[in-house]
Number of protein chains: 2
Amino acid sequence: MEGEDAEQRVLAAAEVLFYGQGIQAVGMDAIRTASAVPLKRLYQIFPSKDSLVEAYLRRRDARWLSELGEYVASHDSPTQRVLAVFDWLFQWFNEPDFRGCGFINSYGELGARSQPVAEIARAHKQAFRHYVADLVAAAEAPSWLADHLVLLAEGAMSTAAITGSAEPARQAKDAARILLRTARAEFGTAQPDQGSREK
Amino acid sequence: MEGEDAEQRVLAAAEVLFYGQGIQAVGMDAIRTASAVPLKRLYQIFPSKDSLVEAYLRRRDARWLSELGEYVASHDSPTQRVLAVFDWLFQWFNEPDFRGCGFINSYGELGARSQPVAEIARAHKQAFRHYVADLVAAAEAPSWLADHLVLLAEGAMSTAAITGSAEPARQAKDAARILLRTARAEFGTAQPDQGSREK
DNA sequence: CCAAGCGGAGAACGTGCGTTCTCTGCCAGA
DNA sequence: TCTGGCAGAGAACGCACGTTCTCCGCTTGG
């Protein structure tokens with residue numbers, strides 16, 4: 001049974017094309033050609049372009065967070081894990097087809113017209129924030145630090161996309177290190193945890 | 001002669017519509033209706049939609065930076081000026097038709113297809129970075145602080161757009177305050193003079 | 001070997017939109 | 001007043017694209 005296979009091929013094609021060129025710039029014909037799934041079958045699986053777009057975003061949301069989580073989990077200390085987020089961003093920005101955050105892009109393109117798209121983007125960013133907040137809590141830093149780190153990460157994505165450089169990830173990591181250190185100092189962290197407590 | 005007037009009306013309509021709904025979502029007919037400029041005249045002024053889009057972006061670039069500059073200049077001390085950037089963002093985010101950074105949005109929508117759009121977005125972000133760098137230099141902080149503050153500002157724009165809240169501007173300002181304080185402490189602000197000591 | 005239906009390939013249809021064209025009325029100058 | 005052209009309003013054109021339809025070959029059960 002290749003029904004599953006066809007759906008996966010469509011989603012894979014959609015992700016590459018929608019992310020790489022923008023959603024409105026990609027026609028269903030391009031999806032068909034790239035996935036080698038006939039239009040009839042394509043419309044059996046996804047009854048409209050809108051539904052395919054939503055599926056694309058949901059899939060990307062899940063993959064993005066799981067890849068980030070996997071990378072971060074390979075680090076040991078809570079502090080390292082917080083900073084690993086920015087190392088992962090650096091890697092991502094260096095991928096040749098990096099073109100910014102797919103959710104910010106989709107929101108900018110369709111968010112004003114499509115409530116589902118806006119909602120998925122919002123949910124994705126909220127999930128990311130929660131994930132960072134957990135890392136921050138594990139590193140025994142105040143919860144507002146998570147907001148600051150998220151802003152740095154989001155800014156790095158946009159800036160890296162437009163400038164075409166991965167450097168913003170490094171800059172964001174530097175800033176994150178300073179904020180993390182300062183936050184814990186002000187917070188009066190009882191547990192040094194790494195012995196990396198200065199000042 | 002109302003030739004000038006027609007052009008201004010077209011640009012005003014284009015800014016509201018393109019920014020508010022996305023570029024591809026707005027047809028030339030909508031521009032015509034909103035500006036009350038007949039299509040014939042419209043195409044005399046802007047020979048194609050692409051050229052109108054570019055004019056829209058260039059005008060928005062100039063206005064955005066000049067409004068920011070005006071607000072910031074109304075503050076006295078160099079430190080206040082640096083932080084005033086985030087107050088201005090807060091005001092902007094609270095405007096009812098705020099929908100994120102028009103350049104990030106345009107880049108996400110068209111940057112992959114249109115080199116001019118990508119170039120204008122890049123130039124805009126570079127100009128913003130230079131502006132912040134000047135403020136940072138005046139506040140006698142190390143130049144890398146400008147990169148950090150720009151990331152916070154960009155992140156605040158995206159996050160405010162997607163969440164629909166102006167709160168990110170406040171969070172970014174808090175983070176900026178910490179980074180500014182820390183940067184000057186580490187930098188040893190003993191010599192006010194130029195503050196141009198690197199790394 | 002036959003018939004019935006399923007899946008693939010792409011043509012066809014309707015709509016929206018960027019751009020151009022046509023028609024109509026108005027005003028300048030003789 | 002007459003005429004020549006200009007500007008406005010919107011129809012028309014061509015194309016792209018989302019969605020549906022048609023045709024055809026293959027398979028599968030009798």
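We name chains A, B, ... by the order of the sequence lines, and we start the count at 1 in each one.
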R41(A) side-chain N/O to dG8(C) phosphate OP1/OP2 under 4.0 Å: yes
Charged N-O contact under 4.0 Å between D5(A) and R9(A): yes
Residue among F103(A), W92(A), Y131(A) satisfying ring pair (Phe, Tyr, Trp, His ring centres under 6.0 Å) with W64(A): W92(A)
Any residue meeting side-chain hydrogen bond (donor to acceptor under 3.5 Å, both in side chains) with Q21(B), in chain and number order, not counting sequence neighbours: R113(A)
hbond_proxy K40(B) side chain to dG8(D) base (donor-acceptor, 3.5 Å cutoff): yes
SB check R58(A) D61(A) (cutoff 4.0 Å): no
Minimum-distance nucleotide (side-chain atoms of Y43(A) versus dG18(D), dT19(C), dG8(D)): dG18(D)
Minimum-distance nucleotide (side-chain atoms of L39(A) versus dG18(D), dG8(C), dA11(C)): dA11(C)
F46(A) CZ - dG18(D) C1' separation (whole Å): 16 Å
Distance, rounded to the nearest Å, where R32(A) contributes CZ and dG10(C) contributes P: 6 Å
Gap between atoms CD1 and P, on I31(B) and dG18(C) respectively (whole Å): 9 Å
5'-most by nearest nucleotide on DNA chain C - Q44(A) or D50(B): Q44(A)
Interatomic distance where CD belongs to Q24(A) and C1' belongs to dA16(D) [whole Å]: 13 Å
L52(A) CG - dT19(D) C1' separation (whole Å): 14 Å
Among dT19(C), dT19(D), dG8(C), the one nearest M28(A) by side-chain distance: dT19(D)
Residues in salt bridge (charged side-chain N to carboxylate O under 4.0 Å, His left out) contact with E15(B), at least two apart in sequence or another chain: R59(B), R60(B), R63(B)
Length of the line joining L42(A):CG and dA9(C):P, which is rounded to integer Å: 12 Å
Sugar-phosphate only, base, or nothing, as touched by V37(B) at under 4.0 Å among non-hydrogen atoms: nothing
Between C1' of dA16(D) and CD of Q21(A), the distance in whole Å: 15 Å
Whole-Å gap separating P (dC17(D)) and CZ (F18(A)): 12 Å
